[in-house]
Amino acid sequence: MVSAPLAPVATQLSIPALFARQQGRAEALRREAVSSRAARLRRLDNWLTDNREAIQEALYTDFRKPAVETDVTEIWSSQTELRHTLRHLEKWAAPRRVGTPMALVGTNGWVQAEPKGVTLIIAPWNYPFYLAIDPLISALAAGNTAIIKPSEMTPAVAELLARMCGELFDEAEVAVVQGDKDVATELLKLPFDHIFFTGSPQVGKIVMRAAAEHLTSVTLELGGKSPAVVDETADLRDAAEKIIWGKGVNAGQTCVAPDYLLVHEAVRDQLVAEMQAATQRFYSPEGRPVSESDSYARLVNDHHFGRVAGLLEDAQARGTKVAFGGSTDAGQRFIEPTVLLDPPTDSRIMQEEIFGPLLPVLTFGSLSAAVDAVNAHPKPLALYVFTQDKENQRYLLQNIPAGGACVNETILHLAHPELPFGGFGNSGVGRCHGHAGFLAFSNEKSVLKQRVGLTALKPLYPPYTNSVKKMVNLLLRWL
């Protein structure tokens, strides 16, 4: 450990001292009434309402995110989670009775959720506000303290988060620590009781290795190549609008954005035409270039722009046809929504998570071929199925493993507080949102209460006489 942080932090304490202070506070929170947790969440809800313009400004500063997108994907989504949690918190926190098997007659059993303790939230840059607030809601609801490490790539949002936490919480309860990967490394050396990380699979592995040193539980929200499968029965205009919206929001910098399309060969050209028309309606309704649209974000920094532009250049160099789009402007980190036809399966754009507004389109002749193509990749975070055939829907959902799925929609399962959200294999570990998020930050303590005196088990105590053996035989046979 070091005696001082390696980069500026939103506290005068060193990282170890801050952690120690939260450890002390966590013990007090463990004994606190659920109403006190709810009061913190209500203060947070009010702050979000009162600071809407400040949140919009911070997101625009970091990557020109349109105000409406900020309202929907950063503020509304956070408040939806907050209010859902407040409605259900008392029930979630109450002991949950369980049934009693015949062999244990005379006992009572229940499960009670208790706080894990001191938690770490490592937030990403793509939805830097929401993906810090969402796990914080679950951490506070479960009765924990939290240290938030925002992304250094979105400094305006990081400063806003620091201001928010400073106004709402004692740093012994919630604190923001700013800095680069060296600061994250120092944080990961500490014995947190739970770590919630959102980011790439590569960094997720580093977090999981660090957590293993202290046997710390983790929630890893990662990513991968989330496919959309469009069969010949799909409503193509409807599918095109939903796919272009899902790919275009935040300029494709979304962990559950459609990463590539698999389209039935009979409808590929019509779907591409519908997607081009949808792009025009969304981002160029008056015929001006998309680069002049107020409804389209930019890539977060020059490095990320160069990486995504490099995927496009590599695909084109390998003979991939651009169906529409393709223009770029490094000066404003702009990449136009772009659809690419039939890139080679070993091209970079088909091997790496794109995280930008490029959409490869491949075709299939049979559903089994589509399933094989998806399953050749690691398990995706999301699967999108566009069909009006119930048997096709059943076949695709049953045969393609994924963290979550939508039928005739993209992304929206992420916003449903009753649907646990998370990855599978390479795309993540654990679940969040709603009750699943509350449980991720809780220890489910199992409690059995036995009667005093004669119990069902006492007749089986030693010595193991013939009568005891007969009772055990009856137990094995009938109970």
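What you see is a predicted model, and the numbers here were worked out from it, not measured in a lab.
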- salt_bridge(R163, E167) N-O dist < 4.0 Å: yes
Quiz: residues 96-110 side-chain donor-acceptor pairs under 3.5 angstrom, not counting sequence neighbours:
residue: T100; atom: OG1; partner: T107; partner atom: O; Å: 3.3
residue: T107; atom: OG1; partner: L104; partner atom: O; Å: 2.8
residue: W110; atom: NE1; partner: Q112; partner atom: OE1; Å: 2.9

- Would you call R64 and E69 a salt bridge, taking side-chain N to carboxylate O under 4.0 Å as the test? no
- Item | Min side-chain heavy-atom separation E173-N144 under 4.5 Å | no
- Electrostatic pair K225-E352, nearest N-O below 4.0 angstrom: no
- Query: Does a donor on one side chain and an acceptor on the other come within less than 3.5 Å for E221 and T198?
  - Reply: no
- Task: Please confirm whether the backbone N or O of V256 pairs with a side-chain atom of T254, one donor and one acceptor, at under 3.5 Å?
- Result: no
- Message: Can you confirm whether P258 sits close enough to S226 that some side-chain heavy atom of one is under 4.5 Å from a side-chain heavy atom of the other?
- Response: no
- Query: Does E171 pair with R21 as a salt bridge, N-O distance under 4.0 Å?
  - Reply: yes
- Whether D62 side chain and V157 backbone form a donor-acceptor pair below 3.5 Å: yes
- Output the distance between atom CD1 (I75) and atom OG1 (T70), rounded to the nearest 0.5 Å. 6.5 Å
- Ignoring hydrogens and geometry, is there a side-chain-to-backbone donor-acceptor pair from R431 to A436 under 3.5 Å? no
- Item | Validation row, ring centre H303 to ring centre W125 under 6.0 Å | no
- Chi angles and distances behind the side-chain contact (heavy atoms from CB on, under 4.5 Å) call for F197, V203: CA-CA 9 Å; F197 169 80; V203 180; 3.5 Å; yes
- Query: Which of these, H435, H416, H413, sits in a ring-ring contact (aromatic ring centres under 6.0 Å, His included) with F421?
  - Reply: H413
- Item | Heavy-atom check, side chain of Q253 versus side chain of Y127, under 4.5 Å | no
- Item | Validation row, ring centre F334 to ring centre F305 under 6.0 Å | no
- Residue list, ring-ring contact (aromatic ring centres under 6.0 Å, His included) with Y395, at least two apart or on another chain: none
- Query: Relative to Y60, does K65 satisfy both conditions: NZ or CZ under 6.0 angstrom from the six-membered ring centre, and within 45 degrees of the ring's axis?
  - Reply: no
- Provide the full list of salt bridge (Lys or Arg N to Asp or Glu O under 4.0 Å) pairs with a residue in residues 393-403, sequence neighbours left out, each pair given once. E391-R394
- Message: Within the structure provided, determine whether H194 and T219 are in side-chain contact (heavy-atom separation under 4.5 Å).
- Response: yes
- Message: Between the side chains of E213 and K189, is the shortest nitrogen-to-carboxylate-oxygen separation below 4.0 Å, so that they form an ion pair?
- Response: no
- Please check if any side-chain donor atom of D45 sits under 3.5 Å from a side-chain acceptor atom of Q79, or the reverse. yes
- S138 vs E81 side-chain heavy atoms within contact, under 4.5 Å: yes
